[in-house]
Novice: 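Next up is a structure, given as structure tokens.
Quick caveat, the model's predicted, so the values are computed rather than measured.
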2 protein chains.
Amino acid sequence: MKPKIEDVAKVAGVSPTTVSRVLNNRGYIGEKTRKKVHKAMEQLNYFPNEVARSLFIKKTFLIGLIFPTTSNPFYGQLIFHLENIAASQGYKVLLCNSQGREDKEKNYLKMLQRNQVDGIIAGAHNKGIEEYEIPNLPVVGVDRYLSNKIPVVSSDNYLGGKQATQLLIDKGCKNIIHINGPISLETPANLRRKAYEDVMRANQLTPLTYEIDDHFTIIKQLFEENPQVEGIFASDDLIASRVMREAKDRNINIPTDLKVVGYDGTETTRLLLPELSTVQQPIKEIAEKAIELLVKQMDDKDDDIQLETILPGKLIEGETTGD
Amino acid sequence: MKPKIEDVAKVAGVSPTTVSRVLNNRGYIGEKTRKKVHKAMEQLNYFPNEVARSLFIKKTFLIGLIFPTTSNPFYGQLIFHLENIAASQGYKVLLCNSQGREDKEKNYLKMLQRNQVDGIIAGAHNKGIEEYEIPNLPVVGVDRYLSNKIPVVSSDNYLGGKQATQLLIDKGCKNIIHINGPISLETPANLRRKAYEDVMRANQLTPLTYEIDDHFTIIKQLFEENPQVEGIFASDDLIASRVMREAKDRNINIPTDLKVVGYDGTETTRLLLPELSTVQQPIKEIAEKAIELLVKQMDDKDDDIQLETILPGKLIEGETTGD
DNA sequence: AATTATATGTCAACCGGTTGACATATAAAA
DNA sequence: TTTTATATGTCAACCGGTTGACATATAATT
């Protein structure tokens with residue numbers, strides 16, 4: 001019922017080989033013939049079957065994206081750019097939301113291999129680190145170290161962490177606390193914490209880091225245990241937002257009594273919380289670089305592929321750190 | 001180089017037909033043979049080629065999702081749920097961000113047909129309305145009327161608009177303005193405006209609606225042209241956020257001088273702007289229903305498919321409408 | 001006139017997996 | 001002993017499209 005090449009050939013009055021020649025613009029083709037074939041395709045509403053074609057050419061033009069969720073502003077924006085750039089280069093994107101679960105991540109990896117994807121870009125939780133080392137399959141990590149053979153792209157987390165901490169110090173804060181995710185995750189974002197600690201020590205100040213859990217209850221605890229806190233550097237904007245909310249609930253004035261800096265600076269955050277000082281990640285550039293590295297590996301040019309790409313973010317000073 | 005069934009057969013010491021029988025659990029299979037085959041698959045790191053299989057069984061288990069962007073909180077969350085539910089039922093998701101562009105939307109439709117997807121869920125801008133009426137291809141619309149033959153799922157926009165407007169009236173507002181997107185888009189969200197207008201007239205109040213553009217400049221204009229405005233019902237939370245920001249810049253106190261209600265109530269918005277009163281859409285339920293309707297069509301049971309599904313939202317009263 | 005280029009057709013193998021029909025051998029049940 | 005069930009193998013066609021080799025016919029160039 002669905003038209004195939006044979007059907008197009010019959011309607012156009014040519015051979016199936018000629019239709020294939022027209023489809024692929026290969027060999028000699030007369031203009032009259034070409035027009036007849038295109039007209040027949042339109043008339044039949046014929047679409048070449050990419051499944052059959054992929055089987056033969058051994059290429060699917062599929063890229064698998066494995067990230068925790070599209071529901072988070074950072075990942076949502078990153079995935080948007082990745083899909084957009086991939087599509088503009090003729091690739092199709094298979095979306096895999098791993099929800100930070102190792103079992104789902106592994107299942108997605110298997111699914112992507114069964115579906116013969118041309119490459120994978122991943123920025124999800126990972127424990128069993130070897131799963132990503134698939135022979136002859138290009139992989140790029142975003143904000144995650146997947147293997148010492150897999151290129152990774154991230155923002156300059158150290159510099160960002162440094163800038164955020166330095167801003168709070170420059171604004172007069174001495175009692176500064178950092179909130180980050182679990183350090184057990186192998187992510188370049190851990191450098192934000194490292195930078196915070198280094199800058200604090202360089203200024204003869206005592207670093208103190210809280211590890212966030214899923215329910216932000218640690219924030220209440222932070223305020224209870226440190227009523228004298230003057231500055232908070234949160235390792236992402238959602239955490240920063242909860243900090244601000246908790247502070248408001250406790251009648252702590254921002255920025256007079258407490259200064260806050262976040263991280264990510266996504267479009268959504270900048271729209272919903274424009275007053276937040278933050279380190280804005282170069283999300284579009286990260287996406288561009290990730291696709292570039294992936295395509296480079298696909299083209300079998302992985303001799304000179306740089307393993308780590310660090311792209312600079314931008315410190316945005318908002319009202320939450322004072323004027 | 002990549003192992004195929006023949007290779008697995010050789011290592012296991014059986015025939016390729018037996019390997020296929022094991023893969024598909026079809027026909028008689030001895031337990032010892034089954035174990036030998038599985039061991040060989042593991043040893044060779046063999047993954048069945050779903051491309052070859054799809055060609056034969058004429059099913060790809062692919063679902064195409066066409067939405068404007070993953071970068072928007074509502075779409076990001078909706079796409080997250082859609083992918084999650086699809087994956088749990090063995091489907092794979094092809095992500096298509098149309099960015100509200102008709103040309104991209106059409107290209108994605110073609111791409112999805114070429115790639116033999118089993119179905120499409122779309123919630124994007126649409127003009128050329130016939131493109132979605134593809135013979136024998138299940139399609140479901142979310143928040144978009146795609147055709148009078150294609151089922152659509154949405155929240156109860158009318159009730160939500162009614163609740164939002166009524167809340168502002170109940171809080172004492174008489175001068176209430178509504179901000180919505182372009183009415184030329186065929187979307188059930190237009191019912192939010194209809195409800196606003198109906199409720200205003202039912203209360204002997206004069207409705208006034210502003211159509212948002214891409215740059216929110218209309219919001220400045222709204223305040224300039226209506227300095228006496230007391231309540232604003234924005235048809236999504238991002239617009240509401242900008243309204244609040246503009247009010248703050250003009251030293252208009254929320255909620256004392258101006259009450260604001262938004263729409264969507266996504267996780268991200270609730271986290272970044274918890275004080276906002278909003279009508280929360282049942283995003284997860286919308287996703288569940290959309291997948292259910294799509295799978296129903298795939299199973300060729302579209303005799304009794306309901307064409308319109310309206311799911312109730314929930315009015316959340318926050319601080320932006322007073323106590 | 002001879003040679004080369006253009007245009008289209010025929011044929012068959014291939015891409016990897018599925019599957020039905022039928023064959024053969026062994027084991028279990030009647 | 002006969003019949004039925006279990007287990008595995010062989011074979012080939014199919015899914016839709018690609019493509020090279022070669023054939024035939026016509027047109028253009030030398």
Side-chain angles (χ1 to χ4, degrees), chain A residues 1-41 44-62 110-118 136, chain B residues 1-41 44-62 110-118 136:
Chain A
M1 56 186 78
K2 199 182 282 183
K4 42 195 184 185
I5 278 193
E6 279 175 38
D7 303 312
V8 176
K10 275 181 180 142
V11 168
V14 299
S15 76
T17 303
T18 296
V19 176
S20 184
R21 284 188 181 124
V22 171
L23 273 173
N24 295 287
N25 202 26
R26 198 179 52 86
Y28 294 112
I29 309 166
E31 272 315 301
K32 278 173 78 172
T33 299
R34 193 191 296 276
K35 283 191 172 86
K36 278 199 297 182
V37 168
H38 279 295
K39 189 173 176 180
M41 287 183 195
L44 292 168
N45 195 36
Y46 167 80
F47 283 94
N49 186 325
E50 287 292 329
V51 174
R53 184 165 195 274
S54 294
L55 184 59
F56 183 80
I57 68 175
K58 292 174 184 268
K59 206 169 159 50
T60 57
F61 293 96
L62 281 173
K110 285 173 178 165
M111 179 273 275
L112 293 175
Q113 288 185 83
R114 289 199 302 275
N115 285 270
Q116 312 298 307
V117 299
D118 292 347
N136 300 313
Chain B
M1 53 188 79
K2 197 181 280 185
K4 43 196 185 185
I5 278 193
E6 278 173 39
D7 303 311
V8 176
K10 271 178 185 151
V11 168
V14 298
S15 74
T17 303
T18 297
V19 177
S20 185
R21 285 190 180 120
V22 171
L23 275 172
N24 295 287
N25 201 26
R26 199 179 51 87
Y28 296 111
I29 309 165
E31 271 316 298
K32 279 173 77 172
T33 299
R34 192 191 297 275
K35 283 193 171 87
K36 279 197 301 183
V37 168
H38 278 295
K39 191 172 175 181
M41 288 182 196
L44 292 169
N45 196 35
Y46 167 80
F47 285 93
N49 186 324
E50 287 291 328
V51 174
R53 185 166 194 274
S54 294
L55 182 59
F56 182 80
I57 66 173
K58 293 175 181 264
K59 208 169 158 52
T60 57
F61 293 97
L62 282 172
K110 286 173 179 166
M111 179 273 274
L112 293 175
Q113 288 185 83
R114 287 197 304 274
N115 285 271
Q116 313 296 307
V117 299
D118 293 348
N136 300 313

Novice: Can you find a side-chain donor-acceptor pair between Thr18(A) and Ser15(A) that sits under 3.5 Å?
Specialist: yes
Novice: Indicate, with a heavy-atom threshold strictly under 4.0 Å, whether Ile57(A) touches base, sugar-phosphate, or nothing.
Specialist: nothing
Novice: Determine whether Asn49(B) and Lys2(B) make a side-chain contact, defined as any pair of heavy atoms from C-beta on separated by less than 4.5 Å.
Specialist: no
Novice: Could you check which of dT6(C), dG17(C), dG16(D) has an atom nearest any side-chain atom of Tyr46(B)?
Specialist: dG17(C)
Novice: Would you state whether a donor and an acceptor, one from the side chain of Arg21(A) and one from the base of dG9(C), lie under 3.5 Å apart?
Specialist: yes
Novice: Would you say that Leu23(B) contacts Met41(B) through its side chain, given a criterion of any heavy-atom pair below 4.5 Å between the two side chains?
Specialist: yes
Novice: Starting the side chain at C-beta, find the nucleotide from dG16(D), dG9(C), dT10(D) nearest to Lys4(A).
Specialist: dG16(D)
Novice: Hey, does Thr18(A) reach any base, or is it just sugar-phosphate, or nothing, if we go heavy atoms under 4.0 Å?
Specialist: sugar-phosphate
Novice: Any base atoms under 4.0 Å from Val14(B), or only sugar-phosphate, or nothing? Heavy atoms, all strands.
Specialist: sugar-phosphate
Novice: What is the distance, to the nearest angstrom, from the CG atom on Asp7(B) to the C1' atom on dG16(C)?
Specialist: 11 Å
Novice: Taking the side chain of Asn24(A) as its heavy atoms from C-beta onward, which of dG9(D), dT19(D), dG16(D) lies nearest to it?
Specialist: dT19(D)
Novice: Under a 3.5 Å cut-off for both distances, is dA23(D) Watson-Crick or wobble paired, and to whom?
Specialist: dT8(C)
Novice: Over how many whole Å does the gap from Lys59(B) atom NZ to dG17(C) atom C1' extend?
Specialist: 18 Å
Novice: Could you check which of dG16(D), dT10(D), dT6(D) has an atom nearest any side-chain atom of Phe56(A)?
Specialist: dG16(D)
Novice: Using a 4.0 Å heavy-atom cut-off, does Pro48(B) contact any base of the nucleic acid, only the sugar-phosphate backbone, or nothing at all?
Specialist: sugar-phosphate
Novice: In terms of the nearest nucleotide of DNA chain C, which residue is placed more toward the 5' end: Glu31(A) or Pro16(A)?
Specialist: Glu31(A)
Novice: Tyr28(B) OH to dA25(C) P: how many Å, rounded?
Specialist: 19 Å
Novice: Please state whether the phosphate of dG16(C), meaning OP1 or OP2, lies under 4.0 angstrom from any side-chain nitrogen or oxygen of Lys58(A).
Specialist: yes
Novice: Can you tell me how far P of dG16(D) sits from NZ of Lys2(A), to the nearest Å?
Specialist: 9 Å
Novice: Distance check needed: dG16(C) P versus Gln113(A) CD, whole Å only.
Specialist: 16 Å
Novice: Grab the two heavy atoms, one from Arg21(B) and one from Ile29(B), that are nearest each other, plus how far apart they are.
Specialist: O-CD1, 3.3 Å
Novice: Rounded off to whole Å, could you give me the NZ-to-P distance for the Lys36(A) and dA7(C) pair?
Specialist: 14 Å
Novice: Rounded to whole angstrom units, what separation is found between the CZ atom of Arg53(A) and the P atom of dT18(D)?
Specialist: 6 Å
Novice: Side chain of Arg26(B): nearest nucleotide among dG17(D), dT19(C), dG17(C)?
Specialist: dT19(C)
Novice: In whole angstroms, how far is the C1' atom of dC15(D) from the CG atom of Leu55(A)?
Specialist: 9 Å
Novice: Taking the side chain as every heavy atom from C-beta outward, state whether Val51(B) and Lys58(A) have any pair of such atoms under 4.5 Å apart.
Specialist: no
Novice: Taking the side chain as everything from C-beta on, heavy atoms only, tell me whether Ile5(B) gets closer than 4.5 Å to Tyr46(B).
Specialist: yes
Novice: Taking only the side-chain heavy atoms of Thr17(A) (C-beta and beyond), determine which of dT18(D), dT18(C), dT19(D) contains the nearest atom.
Specialist: dT19(D)
